[in-house]
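All values below were derived from every heavy atom in this structure, side-chain atoms included, with hydrogens, water molecules and symmetry-related copies excluded.
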Amino acid sequence: YARMFGGNIALGVDAVAADLDERGEEAKGRMLLVATMKMTLSVTLHCAILIGVFTPAILQVWLGDRLYDDQNLLAVMTPSEAESLAWSFILILLPGIVLMETNRAATENLYGMGHIRRYAPMLIWSAVIKIVLATAWLKLGGGPLSLAWSSLIVNVLVYGVALPRLICEL
C-alpha cells in the first residue's frame, strides 16, 4: 500500500517535465523533480510507518484463525514465529521501498526530460543483481530473510546512492 499511495503521486509528471524541457525551462524542471520526490517521500514514508505499526493487525485480518489453526503452517512454525518473520520482512523491506518509490518519482521526471538512457541501464542491472544476490544467498543457506536483505542492499545502493548521484550530475 505504501507503494500504491506514494508511487501514484508521480503519475503524469513525465508529460509536465517533457513540456518544461521542450520550452527550455530547466530550473522549473528541477523544481518539479525535487517537489515530486519530496511529496512522494512524505506520503510513502507515512504509509510505511503505518504499515509497520499495524503489521500484527494486518496479519490477523489477512490470515485470521488460519494463523493458529492451519496444521501446515503450524508444522513449519508457531504463530508467534510467523508474526516475527512477517515483522522482520516488513522492517527490512520498508526502507528500500521508501527509497525506491521516491526515486521512481524522479525517474518519471527524468523520462519526461529525455534522460531515460542515463538511468534505465542502472535499473535493469539492479533487478538482475537483486536476483543473483538473493539466489546466491539462499544457496549459501541464508534463509528466507536473505531475500529481503538482498532487496534492501540493492535498493540502498541504487536508489540511495547511485540514482541520486546521477540526478545531481544532470
Side-chain angles (χ1 to χ4, degrees), residues 1-14 35-111 119-167:
Y1 291 105
R3 290 193 68 197
M4 284 195 285
F5 286 117
N8 287 329
I9 288 172
L11 289 178
V13 79
D14 55 337
T36 307
M37 289 179 73
K38 284 180 179 178
M39 214 176 322
T40 303
L41 172 64
S42 175
V43 172
T44 306
L45 188 59
H46 282 92
C47 290
I49 290 168
L50 287 173
I51 288 169
V53 168
F54 290 111
T55 293
I58 292 169
L59 275 176
Q60 185 58 42
V61 169
W62 180 32
L63 295 173
D65 291 337
R66 288 183 298 177
L67 188 61
Y68 304 99
D69 298 337
D70 187 324
Q71 294 306 313
N72 293 327
L73 177 61
L74 292 172
V76 177
M77 65 182 69
T78 66
S80 63
E81 290 172 330
E83 287 175 359
S84 177
L85 183 63
W87 182 249
S88 298
F89 262 101
I90 288 170
L91 288 179
I92 294 168
L93 289 173
L94 283 179
I97 290 170
V98 170
L99 277 174
M100 185 173 62
E101 283 308 305
T102 302
N103 283 284
R104 194 179 79 74
T107 61
E108 294 287 329
N109 281 277
L110 295 175
Y111 173 73
Y119 70 85
M122 181 187 322
L123 301 183
I124 292 167
W125 278 109
S126 72
V128 171
I129 292 168
K130 240 183 235 188
I131 293 167
V132 169
L133 182 60
T135 303
W137 208 334
L138 281 171
K139 287 188 182 236
L140 293 172
L145 287 179
S146 61
L147 300 172
W149 280 113
S150 62
S151 181
L152 176 64
I153 289 166
V154 174
N155 282 349
V156 167
L157 291 174
V158 171
Y159 298 108
V161 177
L163 196 55
R165 180 177 275 164
L166 175 75
I167 291 168

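- Between the side chain of S151 and the backbone N or O of L147, no donor-acceptor pair lies under 3.5 Å.
- Within a 6.0 Å radius of CH2 in W125, other residues, nucleotides and ligands contribute 12 heavy atoms or fewer.
- Looking at every heavy atom in both residues, T40 comes nearest to A105 through OG1-CB, 3.4 Å.
- Between M100 and V158 the shortest side-chain heavy-atom distance does not fall below 4.5 Å.
- Contact between G96 and L152 at its shortest, heavy atoms only, is N-CD1, 3.6 Å.
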Report, one line per pair, each donor and acceptor closer than 3.5 Å where one atom sits in a side chain of residues 139-146; sequence neighbours left out.
residue : atom : partner : partner atom : Å
S146    : OG   : G143    : O            : 2.5

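- Here CD1 of I167 is found 8.5 Å from CG of N109. Values are rounded to the nearest 0.5 Å.
- Under the side-chain contact (heavy atoms from CB on, under 4.5 Å) rule, L99 has a single partner from V156, V161, L157, which is V156.
- Side chains of L163 and T107 form a contact here, defined as non-hydrogen atoms less than 4.5 Å apart.
- Within the 4.5 Å cutoff, side-chain heavy atoms of R104 are placed close to those of E108.
- The CD1 atom of I92 sits 12.0 Å away from the CH2 atom of W87 when rounded to the nearest 0.5 Å.
- Nearest approach of T44 to I97, heavy atoms of both residues: CG2-O, 4.4 Å.
- Side-chain contact check for F89 versus L85: some heavy-atom pair is nearer than 4.5 Å.
- Counting heavy atoms from C-beta outward, S42 and H46 have side chains that approach closer than 4.5 Å.
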Distance-only check: which donor-acceptor pairs under 3.5 Å involve side-chain atoms of residues 47-56, not counting sequence neighbours?
residue : atom : partner : partner atom : Å
T55     : OG1  : I51     : O            : 2.8
T55     : OG1  : G52     : O            : 3.4

